Undergrad: 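The structure under discussion is supplied below as structure tokens; questions concerning it will follow.
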Amino acid sequence: MIIAKTIREVRENIAQWRREGFSVGLVPTMGYLHEGHASLVDRAVADCDRVVVSDFVNPTQFAPNEDLESYPRDFGHDCKLLEEHGCDMVFYPSVEEMYAPNAATYVEILDEMPKQLCGKTRPIHFRGVCTVVSKLFNIVQPDKAFFGQKDAQQLAVIRRMVRDLSYGIEIVGCPIVRENDGLAKSSRNTYLDANERKAALVLSKAVFRGEYLVKSGVTDSEKVLAEMTAIISAEPLAKIDYVSAVDGETMLPVDAITNGVLVAMAVYIGKTRLIDNFIAGGPK
């Protein structure tokens, strides 16, 4: 597996792959990889001749009061996992490699979409996401890029950016990977102590209850959200940021949960903010 720390190295290797006629897949990550990331790599390996994984904690998507400095990192572990799953190249740049001094150019969606859900409390987040992913697309120029459904709003935002900017890249959404007890896998799960880890199960319990209600024919979003909220609120360590039902493309609230509607939540367990979701009728 190639470890590339510069944009030039990435481009030189990909140019050689292109000369050999290989297709290229990209899996953007912020490192501290787990089985959820591995599932994205597996899908990329299955779909593409060569796979690039970016391992970069992107500072432009963190606000000053967020966990940029404490975000977990373990590049040695990441490389071991990536090699085991068939990654061909990991792109591990420094902040200085990715962002020129005094960089002042951003990619941003200027409508209500990024202001919903996570965007309400993280107003600069999706500007940072779009900017870094756009840069990665320009560097790697992949045929396909792979993102997890756990970050459902991010996936929708990236698809919108790709459409609006005419990127010739197929965006592939991959299913949420869960622990055996149901908790969605996340790098931030490492922040949880034993009591918080147990408490965090209210997210998946609420998701599974919501899915059950929708599959049983309940379409009133107010009723579904009320039951999900009650499950989370019963846990003393949980503090709800949002529990919402939104259009899966626009992220705007809906009254009826029909196929394609995203039911998503963000919940603080202690000081750790976790997210989870489901899509009515399953992902597209």
Side-chain angles (χ1 to χ4, degrees), residues 1-62 68-69 71-107 127-148 151 154-155 158 161-162 165 167-174 185 187:
M1 183 178 70
I2 300 164
I3 297 176
K5 294 186 178 181
T6 67
I7 294 168
R8 180 177 179 179
E9 289 176 271
V10 174
R11 286 178 168 159
E12 287 176 349
N13 281 285
I14 289 175
Q16 179 59 40
W17 293 345
R18 292 298 189 188
R19 285 192 291 270
E20 296 174 23
F22 295 137
S23 61
V24 177
L26 170 66
V27 182
T29 83
M30 292 209 302
Y32 210 73
L33 306 181
H34 50 67
E35 290 89 342
H37 298 106
S39 71
L40 303 181
V41 179
D42 290 343
R43 177 65 186 275
V45 168
D47 284 11
C48 304
D49 299 319
R50 294 290 183 269
V51 173
V52 179
V53 175
S54 62
D55 190 317
F56 177 64
V57 181
N58 174 44
T60 65
Q61 66 194 67
F62 290 81
L68 173 61
E69 296 305 321
Y71 194 84
R73 296 162 169 86
D74 189 341
F75 186 60
H77 163 80
D78 293 348
C79 287
K80 184 175 184 294
L81 181 147
L82 292 174
E83 284 197 291
E84 290 174 351
H85 287 267
C87 173
D88 298 287
M89 177 163 56
V90 56
F91 179 37
Y92 184 58
S94 65
V95 173
E96 293 75 20
E97 181 69 13
M98 285 297 286
Y99 292 100
N102 302 316
T105 303
Y106 294 90
V107 179
R127 184 183 74 169
V129 168
C130 285
T131 300
V132 76
V133 172
S134 181
K135 290 172 72 69
L136 290 169
F137 286 173
N138 286 332
I139 294 164
V140 177
Q141 297 188 6
D143 299 285
K144 297 183 179 183
F146 301 81
F147 295 85
D151 297 293
Q154 172 179 275
L155 176 56
I158 295 301
M161 180 187 78
V162 165
L165 295 183
Y167 276 111
I169 299 170
E170 180 183 345
I171 303 302
V172 180
C174 300
K185 288 186 178 287
S187 299

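Note that the structure is a prediction, hence the values are computed from the model and not measured.
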Undergrad: Nearest 0.5 Å, what's the SG-CG distance between Cys87 and Leu33?
TA: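 One finds 9.5 Å between SG of Cys87 and CG of Leu33.
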Undergrad: Any side-chain heavy-atom pair from His37 and Ser187 closer than 4.5 angstrom?
TA: yes
Undergrad: Can you tell me how far the CZ atom of Arg19 sits from the CH2 atom of Trp17, to the nearest 0.5 Å?
TA: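 Output value for this atom pair is 12.5 Å.
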Undergrad: With sequence neighbours left out, write down each residue that passes side chain to side chain donor-acceptor pair (under 3.5 Å) with Asp47, or none if nothing qualifies.
TA: Arg43
Undergrad: Over all heavy atoms of both residues, which pair between Pro142 and Ile169 is shortest? Give the atoms and the distance, please.
TA: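 The answer is O-CG1, 3.4 Å.
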Undergrad: What donor-acceptor contacts under 3.5 angstrom involve side-chain atoms of residues 21-29, with partners at least two apart or in another chain?
TA:
from	atom 1	to	atom 2	distance (Å)
Ser23	OG	Asp49	N	3.0
Ser23	OG	Asp49	OD2	3.2
Thr29	OG1	Gly31	N	3.1
Thr29	OG1	Ser54	O	2.7

Undergrad: Is the backbone N or O of Val129 less than 3.5 Å from a side-chain atom of Gln154, with the two atoms forming a donor-acceptor pair by type?
TA: no
Undergrad: Could you tell me whether the side chain of Phe147 reaches within less than 4.5 Å of the side chain of Cys174, counting heavy atoms only?
TA: no
Undergrad: Keeping the roles fixed (side chain from Asp74, backbone from His77), state whether a donor-acceptor pair exists under 3.5 Å.
TA: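 Present.
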Undergrad: Minimum heavy-atom separation for Met98 and Pro93, please, with both atom names.
TA: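 Looking at all heavy atoms of both residues, the shortest contact is CG-CG, 3.5 Å.
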Undergrad: Does CZ in Arg18 sit with more than 12 non-hydrogen atoms of other residues, nucleotides or ligands closer than 6.0 Å?
TA: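 Buried by this count: over 12 neighbours within 6.0 Å.
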Undergrad: Start with the C-alpha gap between Asp143 and Glu170, add the side-chain angles, then the distance that decides, and say whether side-chain contact (heavy atoms from CB on, under 4.5 Å) holds.
TA: CA-CA 6 Å; Asp143 299 285; Glu170 180 183 345; over 6 Å; no
Undergrad: Under a 3.5 Å cutoff, is there a donor and acceptor pairing between the side chains of Glu9 and Thr6?
TA: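 Yes - a donor-acceptor pair under 3.5 Å links their side chains.
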Undergrad: Please name all residues satisfying side chain to side chain contact (heavy atoms under 4.5 Å, CB included) with Tyr92, sequence neighbours left out, ordered by chain then number.
TA: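 Here the qualifying residues are Lys5, Asp55, Phe75.
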Undergrad: Applying side chain to side chain contact (heavy atoms under 4.5 Å, CB included), can you list everything that pairs with Gln141, at least two apart in sequence or on another chain?
TA: none
Undergrad: Does Gly128 offer a backbone N or O that forms a donor-acceptor pair with the side chain of Asn58 under 3.5 Å?
TA: yes
Undergrad: Out of curiosity, Lys185 NZ to His34 NE2, how far, rounded to the nearest 0.5 Å?
TA: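 So the gap between those two atoms works out to 7.5 Å.
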Undergrad: Can you confirm whether Phe56 sits close enough to Met30 that some side-chain heavy atom of one is under 4.5 Å from a side-chain heavy atom of the other?
TA: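 No, every pair of side-chain atoms sits at 4.5 Å or beyond.
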Undergrad: Does the structure place the NZ or CZ of Lys135 under 6.0 Å from the centre of the six-membered ring of Tyr99, at an angle of no more than 45° from the ring's axis?
TA: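 Pair Lys135/Tyr99 counts as cation-pi.
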Undergrad: Report yes if the side chains of Ser39 and Phe146 come closer than 4.5 Å at any heavy-atom pair, otherwise no.
TA: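 SC-SC contact between Ser39 and Phe146 ruled out.
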Undergrad: Taking side-chain contact (heavy atoms from CB on, under 4.5 Å) as the criterion, tell me which of Val52, Val140, Ile2 meets it with Asn13.
TA: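 For Asn13, the side-chain contact (heavy atoms from CB on, under 4.5 Å) test succeeds with only one of Val52, Val140, Ile2, which is Ile2.
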Undergrad: State the OG-CG distance between Ser134 and Leu165, to the nearest 0.5 angstrom.
TA: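 One finds 6.0 Å between OG of Ser134 and CG of Leu165.
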Undergrad: Which distance, rounded to the nearest 0.5 Å, do you find between the CD of Glu69 and the CZ of Phe62?
TA: 9.5 Å
Undergrad: State, with a plain yes or no, whether a side-chain heavy atom of Val57 is found less than 4.5 Å away from one of Tyr32.
TA: no
Undergrad: Got Thr60 and Arg127 here, is their nearest side-chain heavy-atom distance under 4.5 Å?
TA: no
Undergrad: CG of Asp88 to CE of Met1: how many Å apart, nearest 0.5 Å?
TA: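 One finds 9.5 Å between CG of Asp88 and CE of Met1.
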Undergrad: List in chain and number order the residues that pass ring-ring contact (aromatic ring centres under 6.0 Å, His included) with Phe137, two or more places apart in sequence or in another chain; answer none if no residue qualifies.
TA: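 Residues passing ring-ring contact (aromatic ring centres under 6.0 Å, His included) with Phe137: Tyr167.
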Undergrad: Output all residues satisfying side chain to side chain contact (heavy atoms under 4.5 Å, CB included) with His85, sequence neighbours left out; order by chain, then residue number.
TA: Ala38, Val41, Asp42, Leu81
Undergrad: Does Cys48 offer a backbone N or O that forms a donor-acceptor pair with the side chain of Arg50 under 3.5 Å?
TA: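 Checked: no pair found.
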Undergrad: Walk me through whether Glu12 and Gln16 qualify under side chain to side chain donor-acceptor pair (under 3.5 Å).
TA: CA-CA 6 Å; Glu12 287 176 349; Gln16 179 59 40; over 6 Å; no
Undergrad: Do Asp78 and Val90 have side-chain heavy atoms sitting under 4.5 Å apart?
TA: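 No, their side chains stay 4.5 Å or more apart.
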Undergrad: Set out, in order, the CA-CA distance, both residues' side-chain angles and the distance that settles side-chain contact (heavy atoms from CB on, under 4.5 Å) for Met89 and Ile3, then state yes or no.
TA: CA-CA 6 Å; Met89 177 163 56; Ile3 297 176; over 6 Å; no
